[in-house]
Amino acid sequence: MAGQIVEQQIEKIYQEALSQVQTSSQVDQVQSLMVQYLGRKGMVTQFLRNVSRLPAEQRPQAGKRANDVKKVLEEAFQKRLQEIEGSQIAEDTGIDVSLPGRATFRGSVHPITQITRRISDIFSRMGFDIAEGPEVELDHYNFECLNIPKNHPARDMQDTFYVSESIVLRTHTSPIQVRYMEKHAPPIHIIAPGKVYRCDSDITHTPMFHQVEGLVVGDGITFGDLKGILTAFVHQMFDTQTSLRFRPSFFPFTEPSAEVDILCVMCRGKGCRVCKQTGWLEVLGSGMVHPAVFENVGYDTSRYSGFAFGMGVERIAMLKFGIDDIRKYYENDIRFLKQF
Ligand code: PHE
(Lines give C-alpha, C1' and ligand atoms only; values in the text may rest on other atoms or scores of the structure.)
Protein backbone atom coordinates (compact mmCIF):
# COMPACT_ATOMS: atom_id res chain seq x y z
CA MET A 1 0.00 0.00 0.00
CA ALA A 2 2.72 2.44 1.02
CA GLY A 3 4.70 1.37 -2.07
CA GLN A 4 1.85 2.45 -4.33
CA ILE A 5 1.67 5.91 -2.78
CA VAL A 6 5.38 6.42 -3.33
CA GLU A 7 4.97 5.38 -6.98
CA GLN A 8 2.06 7.76 -7.47
CA GLN A 9 4.15 10.59 -6.06
CA ILE A 10 6.96 10.27 -8.58
CA GLU A 11 4.53 9.72 -11.48
CA LYS A 12 2.68 12.88 -10.51
CA ILE A 13 5.87 14.92 -10.42
CA TYR A 14 6.82 13.47 -13.79
CA GLN A 15 3.49 14.21 -15.52
CA GLU A 16 3.35 17.74 -14.16
CA ALA A 17 6.87 18.52 -15.20
CA LEU A 18 6.23 17.19 -18.73
CA SER A 19 3.06 19.17 -19.28
CA GLN A 20 4.66 22.33 -17.93
CA VAL A 21 7.71 22.05 -20.15
CA GLN A 22 5.55 21.46 -23.18
CA THR A 23 3.53 24.60 -22.64
CA SER A 24 6.46 26.88 -21.83
CA SER A 25 7.49 29.20 -24.62
CA GLN A 26 10.33 31.19 -23.04
CA VAL A 27 13.87 30.17 -22.25
CA ASP A 28 13.68 31.49 -18.68
CA GLN A 29 10.45 29.56 -18.08
CA VAL A 30 12.19 26.33 -18.98
CA GLN A 31 15.19 27.29 -16.89
CA SER A 32 13.09 27.85 -13.78
CA LEU A 33 11.32 24.51 -14.37
CA MET A 34 14.74 22.91 -14.43
CA VAL A 35 15.51 24.41 -11.05
CA GLN A 36 12.07 23.51 -9.71
CA TYR A 37 12.40 19.84 -10.64
CA LEU A 38 16.05 18.99 -11.04
CA GLY A 39 17.82 21.68 -8.99
CA ARG A 40 19.44 20.97 -5.62
CA LYS A 41 16.14 21.46 -3.87
CA GLY A 42 14.08 20.34 -6.85
CA MET A 43 11.23 17.87 -6.49
CA VAL A 44 12.90 14.98 -8.27
CA THR A 45 16.12 15.58 -6.34
CA GLN A 46 14.22 15.66 -3.02
CA PHE A 47 12.39 12.50 -3.94
CA LEU A 48 15.65 10.73 -4.71
CA ARG A 49 17.09 11.89 -1.41
CA ASN A 50 14.10 10.46 0.47
CA VAL A 51 14.38 7.06 -1.19
CA SER A 52 16.89 6.02 1.47
CA ARG A 53 14.21 6.46 4.13
CA LEU A 54 11.81 4.08 2.45
CA PRO A 55 11.43 0.48 3.62
CA ALA A 56 14.22 -1.64 2.16
CA GLU A 57 11.98 -3.60 -0.24
CA GLN A 58 10.67 -0.42 -1.90
CA ARG A 59 14.02 1.29 -2.35
CA PRO A 60 15.32 -0.38 -5.53
CA GLN A 61 12.20 0.17 -7.59
CA ALA A 62 11.51 3.71 -6.39
CA GLY A 63 15.16 4.69 -6.84
CA LYS A 64 15.29 3.31 -10.36
CA ARG A 65 12.06 4.98 -11.43
CA ALA A 66 13.15 8.33 -10.02
CA ASN A 67 16.49 8.13 -11.82
CA ASP A 68 14.74 7.31 -15.10
CA VAL A 69 12.38 10.24 -14.63
CA LYS A 70 15.35 12.50 -13.96
CA LYS A 71 17.00 11.43 -17.20
CA VAL A 72 13.87 11.78 -19.34
CA LEU A 73 13.12 15.22 -17.88
CA GLU A 74 16.68 16.40 -18.50
CA GLU A 75 16.30 15.46 -22.15
CA ALA A 76 12.84 17.04 -22.40
CA PHE A 77 14.14 20.32 -20.98
CA GLN A 78 17.09 20.41 -23.37
CA LYS A 79 14.91 19.59 -26.35
CA ARG A 80 12.44 22.31 -25.47
CA LEU A 81 15.26 24.83 -25.06
CA GLN A 82 16.50 23.99 -28.56
CA GLU A 83 13.00 24.28 -30.01
CA ILE A 84 12.49 27.68 -28.47
CA GLU A 85 15.87 28.84 -29.70
CA GLY A 86 15.07 27.47 -33.17
CA SER A 87 11.75 29.26 -33.41
CA GLN A 88 13.44 32.42 -32.19
CA ILE A 89 15.93 32.14 -35.07
CA ALA A 90 13.06 31.42 -37.47
CA GLU A 91 11.30 34.53 -36.28
CA ASP A 92 14.39 36.69 -36.56
CA THR A 93 15.71 35.41 -39.86
CA GLY A 94 12.91 33.51 -41.60
CA ILE A 95 15.11 30.37 -41.58
CA ASP A 96 13.66 27.21 -40.09
CA VAL A 97 16.69 25.59 -38.49
CA SER A 98 14.71 22.54 -37.50
CA LEU A 99 14.24 21.44 -41.14
CA PRO A 100 16.31 18.39 -42.07
CA GLY A 101 19.36 19.23 -44.24
CA ARG A 102 19.42 18.60 -47.98
CA ALA A 103 21.32 15.49 -48.95
CA THR A 104 24.39 16.27 -51.03
CA PHE A 105 25.97 13.67 -53.24
CA ARG A 106 29.66 13.12 -52.96
CA GLY A 107 31.51 12.48 -56.19
CA SER A 108 34.45 10.14 -56.52
CA VAL A 109 37.69 10.22 -58.47
CA HIS A 110 37.34 8.55 -61.89
CA PRO A 111 39.21 5.21 -62.03
CA ILE A 112 41.38 6.43 -64.93
CA THR A 113 42.40 9.49 -62.89
CA GLN A 114 43.12 7.24 -59.91
CA ILE A 115 45.45 5.04 -61.97
CA THR A 116 47.14 8.06 -63.60
CA ARG A 117 47.82 9.50 -60.15
CA ARG A 118 49.15 6.17 -58.92
CA ILE A 119 51.54 5.90 -61.89
CA SER A 120 52.66 9.52 -61.37
CA ASP A 121 53.24 8.88 -57.64
CA ILE A 122 55.42 5.86 -58.31
CA PHE A 123 57.62 7.75 -60.78
CA SER A 124 57.69 10.94 -58.69
CA ARG A 125 59.12 8.96 -55.82
CA MET A 126 61.86 7.73 -58.17
CA GLY A 127 62.75 11.37 -58.94
CA PHE A 128 60.84 11.92 -62.20
CA ASP A 129 59.31 15.32 -63.04
CA ILE A 130 55.95 15.71 -64.76
CA ALA A 131 55.74 17.27 -68.24
CA GLU A 132 52.80 18.13 -70.49
CA GLY A 133 52.13 18.91 -74.12
CA PRO A 134 49.26 19.87 -76.44
CA GLU A 135 46.59 17.38 -77.52
CA VAL A 136 46.21 19.13 -80.87
CA GLU A 137 49.69 18.59 -82.20
CA LEU A 138 51.79 19.37 -85.23
CA ASP A 139 52.52 16.50 -87.57
CA HIS A 140 56.11 17.63 -87.08
CA TYR A 141 56.17 16.63 -83.38
CA ASN A 142 53.75 13.71 -83.52
CA PHE A 143 55.61 12.00 -86.38
CA GLU A 144 58.45 13.77 -88.15
CA CYS A 145 60.77 14.39 -85.18
CA LEU A 146 60.08 10.89 -83.90
CA ASN A 147 61.61 9.36 -86.99
CA ILE A 148 58.24 8.37 -88.44
CA PRO A 149 58.56 9.13 -92.15
CA LYS A 150 55.74 10.31 -94.39
CA ASN A 151 54.90 6.85 -95.71
CA HIS A 152 54.86 5.09 -92.32
CA PRO A 153 51.73 2.98 -91.65
CA ALA A 154 51.11 4.81 -88.32
CA ARG A 155 50.20 7.86 -90.39
CA ASP A 156 47.49 6.02 -92.22
CA MET A 157 44.19 7.90 -92.26
CA GLN A 158 42.60 4.98 -90.39
CA ASP A 159 44.63 5.61 -87.24
CA THR A 160 45.17 9.34 -87.15
CA PHE A 161 42.63 12.11 -86.75
CA TYR A 162 43.83 14.87 -89.06
CA VAL A 163 42.80 18.43 -88.26
CA SER A 164 44.58 19.70 -91.35
CA GLU A 165 47.43 18.48 -93.48
CA SER A 166 50.01 19.52 -90.88
CA ILE A 167 47.93 19.27 -87.66
CA VAL A 168 46.71 16.09 -85.94
CA LEU A 169 45.17 15.00 -82.66
CA ARG A 170 48.24 13.45 -81.07
CA THR A 171 48.19 9.67 -81.50
CA HIS A 172 50.59 9.13 -78.57
CA THR A 173 52.32 11.10 -75.81
CA SER A 174 55.76 10.68 -77.44
CA PRO A 175 55.73 14.19 -79.03
CA ILE A 176 56.07 15.52 -75.45
CA GLN A 177 59.55 13.91 -75.36
CA VAL A 178 60.63 16.05 -78.31
CA ARG A 179 59.05 19.27 -77.02
CA TYR A 180 60.70 18.73 -73.63
CA MET A 181 64.16 17.99 -75.06
CA GLU A 182 63.96 21.11 -77.26
CA LYS A 183 63.63 23.22 -74.10
CA HIS A 184 65.82 21.32 -71.62
CA ALA A 185 69.35 19.95 -71.59
CA PRO A 186 70.15 16.54 -70.04
CA PRO A 187 69.96 15.09 -67.45
CA ILE A 188 66.25 14.48 -68.02
CA HIS A 189 63.86 12.22 -66.15
CA ILE A 190 60.23 12.98 -66.86
CA ILE A 191 56.90 11.32 -67.25
CA ALA A 192 54.14 12.88 -69.32
CA PRO A 193 50.55 11.76 -68.77
CA GLY A 194 47.81 12.80 -71.18
CA LYS A 195 44.97 12.07 -73.57
CA VAL A 196 45.70 10.61 -76.99
CA TYR A 197 43.45 9.96 -80.00
CA ARG A 198 43.18 7.20 -82.55
CA CYS A 199 40.46 6.42 -85.03
CA ASP A 200 39.58 3.08 -83.48
CA SER A 201 36.63 1.73 -81.49
CA ASP A 202 35.81 -1.73 -80.09
CA ILE A 203 35.79 -3.45 -76.71
CA THR A 204 39.49 -2.76 -76.13
CA HIS A 205 39.80 0.56 -78.01
CA THR A 206 38.17 3.97 -77.59
CA PRO A 207 38.91 6.91 -79.94
CA MET A 208 40.31 8.82 -76.95
CA PHE A 209 42.42 7.13 -74.32
CA HIS A 210 45.23 7.97 -71.91
CA GLN A 211 48.95 7.30 -71.98
CA VAL A 212 51.84 7.99 -69.68
CA GLU A 213 55.11 8.65 -71.50
CA GLY A 214 58.49 8.37 -69.83
CA LEU A 215 61.89 9.73 -70.85
CA VAL A 216 65.31 9.47 -69.23
CA VAL A 217 68.38 11.04 -70.87
CA GLY A 218 71.88 11.49 -69.51
CA ASP A 219 75.49 10.33 -69.63
CA GLY A 220 75.84 6.60 -69.92
CA ILE A 221 72.16 5.60 -69.60
CA THR A 222 71.85 1.95 -70.62
CA PHE A 223 69.23 -0.66 -71.40
CA GLY A 224 69.96 -1.96 -67.89
CA ASP A 225 68.58 1.31 -66.48
CA LEU A 226 65.45 0.88 -68.61
CA LYS A 227 64.95 -2.65 -67.26
CA GLY A 228 65.59 -1.59 -63.68
CA ILE A 229 63.18 1.36 -63.71
CA LEU A 230 60.40 -0.51 -65.50
CA THR A 231 60.76 -3.56 -63.27
CA ALA A 232 60.54 -1.33 -60.18
CA PHE A 233 57.46 0.32 -61.67
CA VAL A 234 55.65 -2.96 -62.43
CA HIS A 235 56.44 -4.30 -58.96
CA GLN A 236 54.94 -1.23 -57.33
CA MET A 237 51.97 -0.95 -59.67
CA PHE A 238 50.95 -4.61 -59.47
CA ASP A 239 52.82 -6.54 -56.82
CA THR A 240 56.41 -7.42 -56.10
CA GLN A 241 55.78 -11.03 -57.14
CA THR A 242 54.65 -10.08 -60.66
CA SER A 243 56.89 -11.68 -63.31
CA LEU A 244 57.67 -9.58 -66.35
CA ARG A 245 59.47 -10.11 -69.63
CA PHE A 246 61.05 -7.79 -72.17
CA ARG A 247 60.00 -8.84 -75.66
CA PRO A 248 61.89 -7.47 -78.70
CA SER A 249 59.73 -5.07 -80.68
CA PHE A 250 59.89 -2.13 -83.05
CA PHE A 251 59.22 1.59 -82.73
CA PRO A 252 60.68 4.09 -85.23
CA PHE A 253 61.88 6.36 -82.38
CA THR A 254 63.67 3.73 -80.26
CA GLU A 255 66.45 1.27 -81.03
CA PRO A 256 66.54 -1.35 -79.69
CA SER A 257 62.88 -1.53 -78.68
CA ALA A 258 61.08 -3.82 -76.28
CA GLU A 259 57.54 -4.36 -75.18
CA VAL A 260 57.00 -5.27 -71.55
CA ASP A 261 54.64 -8.11 -70.74
CA ILE A 262 53.52 -9.14 -67.27
CA LEU A 263 52.36 -12.59 -66.28
CA CYS A 264 48.57 -12.61 -66.76
CA VAL A 265 46.98 -11.25 -63.58
CA MET A 266 43.80 -13.25 -64.27
CA CYS A 267 45.17 -16.77 -64.83
CA ARG A 268 48.74 -16.40 -63.48
CA GLY A 269 50.16 -17.65 -66.77
CA LYS A 270 47.92 -20.66 -67.35
CA GLY A 271 46.23 -19.10 -70.38
CA CYS A 272 42.77 -17.49 -70.43
CA ARG A 273 40.50 -15.26 -72.49
CA VAL A 274 42.07 -12.04 -71.19
CA CYS A 275 45.63 -13.01 -72.21
CA LYS A 276 44.34 -14.77 -75.35
CA GLN A 277 45.78 -18.06 -74.04
CA THR A 278 49.35 -16.72 -74.07
CA GLY A 279 49.74 -16.36 -70.30
CA TRP A 280 51.20 -12.85 -70.80
CA LEU A 281 49.77 -9.35 -70.99
CA GLU A 282 51.41 -6.45 -72.81
CA VAL A 283 51.58 -3.38 -70.56
CA LEU A 284 53.97 -0.96 -72.23
CA GLY A 285 56.29 -0.11 -75.10
CA SER A 286 59.87 1.02 -74.53
CA GLY A 287 63.34 1.32 -75.96
CA MET A 288 66.59 3.25 -76.15
CA VAL A 289 66.03 6.68 -77.73
CA HIS A 290 66.93 6.52 -81.45
CA PRO A 291 69.93 8.74 -82.36
CA ALA A 292 67.81 10.34 -85.10
CA VAL A 293 65.48 11.72 -82.40
CA PHE A 294 68.44 13.19 -80.48
CA GLU A 295 69.73 14.75 -83.69
CA ASN A 296 66.35 16.38 -84.31
CA VAL A 297 66.60 18.22 -80.98
CA GLY A 298 70.31 19.01 -81.34
CA TYR A 299 71.66 16.67 -78.66
CA ASP A 300 75.22 15.35 -78.95
CA THR A 301 74.66 11.66 -79.73
CA SER A 302 78.27 10.78 -78.90
CA ARG A 303 77.70 11.98 -75.35
CA TYR A 304 74.09 11.31 -74.42
CA SER A 305 71.96 8.22 -74.39
CA GLY A 306 68.53 7.55 -72.93
CA PHE A 307 65.44 5.44 -72.86
CA ALA A 308 61.75 6.09 -73.34
CA PHE A 309 58.56 4.20 -72.60
CA GLY A 310 54.85 4.62 -73.07
CA MET A 311 51.93 2.86 -71.44
CA GLY A 312 48.16 2.84 -71.85
CA VAL A 313 46.39 3.92 -68.66
CA GLU A 314 43.08 2.24 -69.56
CA ARG A 315 44.91 -1.00 -70.18
CA ILE A 316 46.57 -0.91 -66.76
CA ALA A 317 43.26 0.09 -65.13
CA MET A 318 41.48 -2.83 -66.84
CA LEU A 319 44.10 -5.23 -65.47
CA LYS A 320 44.11 -3.71 -61.97
CA PHE A 321 40.32 -3.65 -61.67
CA GLY A 322 39.54 -6.75 -63.75
CA ILE A 323 37.33 -4.86 -66.25
CA ASP A 324 37.26 -6.35 -69.75
CA ASP A 325 35.30 -3.71 -71.68
CA ILE A 326 37.14 -0.38 -71.99
CA ARG A 327 33.98 1.46 -73.06
CA LYS A 328 32.58 1.13 -69.53
CA TYR A 329 35.02 3.82 -68.37
CA TYR A 330 33.36 6.36 -70.64
CA GLU A 331 29.66 5.59 -70.37
CA ASN A 332 29.40 7.69 -67.20
CA ASP A 333 27.22 5.13 -65.45
CA ILE A 334 27.37 6.27 -61.82
CA ARG A 335 26.71 2.71 -60.59
CA PHE A 336 29.88 1.58 -62.37
CA LEU A 337 32.02 4.57 -61.40
CA LYS A 338 30.99 4.47 -57.73
CA GLN A 339 32.70 1.11 -57.26
CA PHE A 340 36.25 2.45 -57.40
N1 PHE B 1 54.42 5.80 -78.38
C2 PHE B 1 54.37 4.37 -78.38
C3 PHE B 1 52.91 3.94 -78.59
O4 PHE B 1 52.02 4.75 -78.53
C5 PHE B 1 54.85 3.80 -77.06
C6 PHE B 1 56.30 4.05 -76.82
C7 PHE B 1 56.73 5.18 -76.15
C8 PHE B 1 57.25 3.13 -77.26
C9 PHE B 1 58.09 5.39 -75.92
C10 PHE B 1 58.59 3.33 -77.04
C11 PHE B 1 59.00 4.47 -76.36
O12 PHE B 1 52.65 2.79 -78.87
Side-chain angles (χ1 to χ4, degrees), residues 109-135 137 141-142 145-146 169-198 208-219 221-240 242 244 246 249 251 253-254 257-262 281-290 293-294 296-297 299 304-320 329:
V109 179
H110 192 281
I112 296 303
T113 308
Q114 287 182 33
I115 296 291
T116 306
R117 287 186 188 168
R118 176 99 186 92
I119 296 169
S120 304
D121 280 354
I122 293 170
F123 283 104
S124 296
R125 266 182 273 129
M126 292 196 278
F128 282 67
D129 294 323
I130 308 233
E132 280 181 335
E135 288 169 38
E137 184 57 284
Y141 287 110
N142 196 79
C145 293
L146 288 165
L169 297 186
R170 69 179 175 202
T171 57
H172 52 179
T173 42
S174 301
I176 304 174
Q177 288 182 35
V178 181
R179 285 180 174 275
Y180 196 88
M181 286 191 283
E182 276 183 347
K183 292 217 175 71
H184 300 83
I188 286 174
H189 20 66
I190 53 155
I191 56 159
K195 292 187 170 77
V196 299
Y197 301 84
R198 287 182 200 173
M208 181 282 297
F209 61 103
H210 296 76
Q211 286 188 334
V212 175
E213 189 80 10
L215 175 68
V216 172
V217 185
D219 289 301
I221 301 290
T222 68
F223 200 89
D225 296 313
L226 178 156
K227 287 183 77 172
I229 291 284
L230 294 179
T231 303
F233 165 72
V234 166
H235 284 171
Q236 290 183 65
M237 191 70 215
F238 295 93
D239 73 77
T240 51
T242 307
L244 62 163
F246 291 80
S249 185
F251 299 102
F253 38 92
T254 50
S257 305
E259 278 173 299
V260 176
D261 297 338
I262 62 169
L281 297 163
E282 182 196 320
V283 288
L284 53 88
S286 67
M288 300 307 289
V289 179
H290 197 292
V293 176
F294 281 155
N296 288 334
V297 296
Y299 278 8
Y304 296 118
S305 58
F307 64 86
F309 55 89
M311 64 187 92
V313 179
E314 280 78 356
R315 175 136 187 95
I316 290 179
M318 286 165 86
L319 299 176
K320 283 285 290 185
Y329 288 119

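For clarity, every value in this text was computed on a predicted model and none was experimentally measured.
- Not counting sequence neighbours, E314 has no partner by the salt bridge (charged side-chain N to carboxylate O under 4.0 Å, His left out) test.
- Taking every heavy atom of both residues into account, R170 and P134 meet most closely at NH1-O, 3.2 Å.
- The salt bridge (Lys or Arg N to Asp or Glu O under 4.0 Å) contacts involving residues 122-135 comprise nothing, where partners must be two or more places apart or lie in separate chains.
- At distances below 3.5 Å, at least one donor-acceptor pair connects side-chain atoms of S286 with backbone N or O atoms of A258.
- Heavy atoms only, all atoms of each residue included: G218 and I221 are closest at N-CG1, 3.5 Å.
- Contacts of H110 classified as side-chain contact (heavy atoms from CB on, under 4.5 Å), with partners at least two apart in sequence or in another chain: I112, T113, Y329, L337.
- For residues 176-186, the set of pairs meeting the salt bridge (Lys or Arg N to Asp or Glu O under 4.0 Å) definition, not counting sequence neighbours, comprises E137-R179.
- Ring-centre distance between F307 and F223: not below the 6.0 Å cut-off.
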Could you walk me through whether M237 and I115 pass side-chain contact (heavy atoms from CB on, under 4.5 Å), step by step? CA-CA 9 Å; M237 191 70 215; I115 296 291; 4.0 Å; yes
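- Considering all non-hydrogen atoms of both residues, L215 and A308 come closest at CD1-CB, 4.2 Å.
- In this view, Y197 satisfies the ring pair (Phe, Tyr, Trp, His ring centres under 6.0 Å) rule with no residue, not counting sequence neighbours.
- With sequence neighbours excluded, the residues forming a side-chain contact (heavy atoms from CB on, under 4.5 Å) with H189 are F128, V216, listed by chain and number.
- Listed by chain and number, the residues in a ring pair (Phe, Tyr, Trp, His ring centres under 6.0 Å) with Y299 are F294, Y304 (sequence neighbours excluded).
- Evaluation of the side chain to side chain donor-acceptor pair (under 3.5 Å) rule for T173 yields Q211, E213 as partners, not counting sequence neighbours.
- The side-chain contact (heavy atoms from CB on, under 4.5 Å) check on N296 picks up C145, with sequence neighbours excluded.
- The side-chain contact (heavy atoms from CB on, under 4.5 Å) search around T222 returns D225, not counting sequence neighbours.
- Remark: side-chain polar atoms of R315 are paired, donor with acceptor, to backbone N or O of E282 under 3.5 angstrom.
- Scanning all heavy atoms of the two residues, the minimum distance from G133 to I176 falls at N-CD1, 3.7 Å.
- F253 pairs by the ring pair (Phe, Tyr, Trp, His ring centres under 6.0 Å) definition with H172, F251, not counting sequence neighbours.
- Residues satisfying the side chain to side chain donor-acceptor pair (under 3.5 Å) criterion with D219, sequence neighbours excluded, are R303.
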